[in-house]
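These notes are about the structure you will find just below.
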Amino acid sequence: MTILETAPAGRAGPSGPTIIRLSGEIDLLTGKALRRQLLDALRSCANVLILDLSGVSFCDASGLTVLVGIQHRARSMGIVLALAEPRPYMSRLLHITGLNRSFAMAT
C-alpha cells in the first residue's frame, strides 16, 4: 500500500478537505503501516478526510478493519471520513459487507 499523493487542508483552504490517494493492496501485510499513516493524516486534517481508492487493487478483511478503525477515530475527532472512486471490486466489497451504508462517499 502506498500513499501516492496527499492534498492537505492547508493547500485546499482552511476548511477544505484533506485528500489522500491510496495505491496497491490493503491487507494484513500493509494494514498496520497504512493505519499509522492515516492516523498521522487525521492529526493535521481540518474537518474532512477523503480517501481516494481508485488505485486500490485489493482489500481483505484486515484492510476493511483499518478503514473502519480510522472512521471511528475520525468521528471521535469531529472529522468526516469519506471514500472516493472505489474500483468495482472495492464497491462490491463495501456493498456485500454493508459498509457502503456507514461510509460517506465523496463525489
Side-chain angles (χ1 to χ4, degrees):
M1 171 53 53
T2 305
I3 293 182
L4 290 178
E5 178 181 342
T6 301
R11 285 194 345 216
S15 64
T18 298
I19 302 169
I20 297 178
R21 186 170 166 223
L22 304 177
S23 176
E25 299 180 354
I26 307 174
D27 57 18
L28 187 60
L29 294 174
T30 62
K32 192 173 183 178
L34 177 61
R35 182 179 186 280
R36 276 193 309 268
Q37 291 173 315
L38 293 177
L39 287 172
D40 287 344
L42 282 176
R43 288 185 195 99
S44 62
C45 182
N47 58 5
V48 177
L49 176 62
I50 298 173
L51 300 181
D52 179 344
L53 303 176
S54 62
V56 175
S57 58
F58 177 79
C59 183
D60 66 8
S62 61
L64 291 177
T65 300
V66 169
L67 295 178
V68 169
I70 293 299
Q71 180 188 44
H72 287 154
R73 179 65 62 92
R75 281 183 181 160
S76 73
M77 298 170 70
I79 298 170
V80 174
L81 175 67
L83 306 179
E85 303 296 328
R87 290 182 178 181
Y89 160 81
M90 191 70 183
S91 291
R92 196 169 106 207
L93 182 61
L94 293 169
H95 181 75
I96 289 170
T97 59
L99 291 174
N100 62 317
R101 293 185 304 269
S102 92
F103 281 101
M105 296 302 288
T107 56

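Just the heavy atoms: all of them, side chains too, but no hydrogens, waters or symmetry mates, feed the values below.
Screening residues 64-75 for side chain to side chain donor-acceptor pair (under 3.5 Å) gives no qualifying pairs among residues at least two apart or on separate chains. For residues 88-103, the set of pairs meeting the side chain to side chain donor-acceptor pair (under 3.5 Å) definition, not counting sequence neighbours, comprises H95-N100.
L22 pairs in a side chain to side chain contact (heavy atoms under 4.5 Å, CB included) with only one of the listed residues (T30, L83, L34), which is L34. Put simply, the residue from T18, L81, I79 that forms a side chain to side chain contact (heavy atoms under 4.5 Å, CB included) with L42 is I79.
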Pairs of donor and acceptor atoms involving the side chains of residues 52-59, under 3.5 Å and at least two apart or interchain, shall be tabulated with distances.
unit_1: D52; atom_1: OD1; unit_2: S54; atom_2: N; d: 2.9
unit_1: D52; atom_1: OD1; unit_2: S54; atom_2: OG; d: 2.7
unit_1: S57; atom_1: OG; unit_2: G24; atom_2: O; d: 3.3

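Residues satisfying the salt bridge (charged side-chain N to carboxylate O under 4.0 Å, His left out) test with R43, not counting sequence neighbours, are D40. Listed by chain and residue number, D27 satisfy the side-chain contact (heavy atoms from CB on, under 4.5 Å) test with L29 (two or more places apart in sequence, or in another chain). Under the side-chain contact (heavy atoms from CB on, under 4.5 Å) criterion, S62 pairs with L28, D60, sequence neighbours left out.
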Please step through side chain to side chain contact (heavy atoms under 4.5 Å, CB included) for the pair V80 and N47, ending with a clear verdict. CA-CA 6 Å; V80 174; N47 58 5; over 6 Å; no
Please test M90 against L64 for side chain to side chain contact (heavy atoms under 4.5 Å, CB included), starting from the C-alpha separation and ending with a verdict. CA-CA 10 Å; M90 191 70 183; L64 291 177; 4.3 Å; yes
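Remark: L51 CG to I26 CD1 distance equals 8.0 Å, nearest 0.5 Å.
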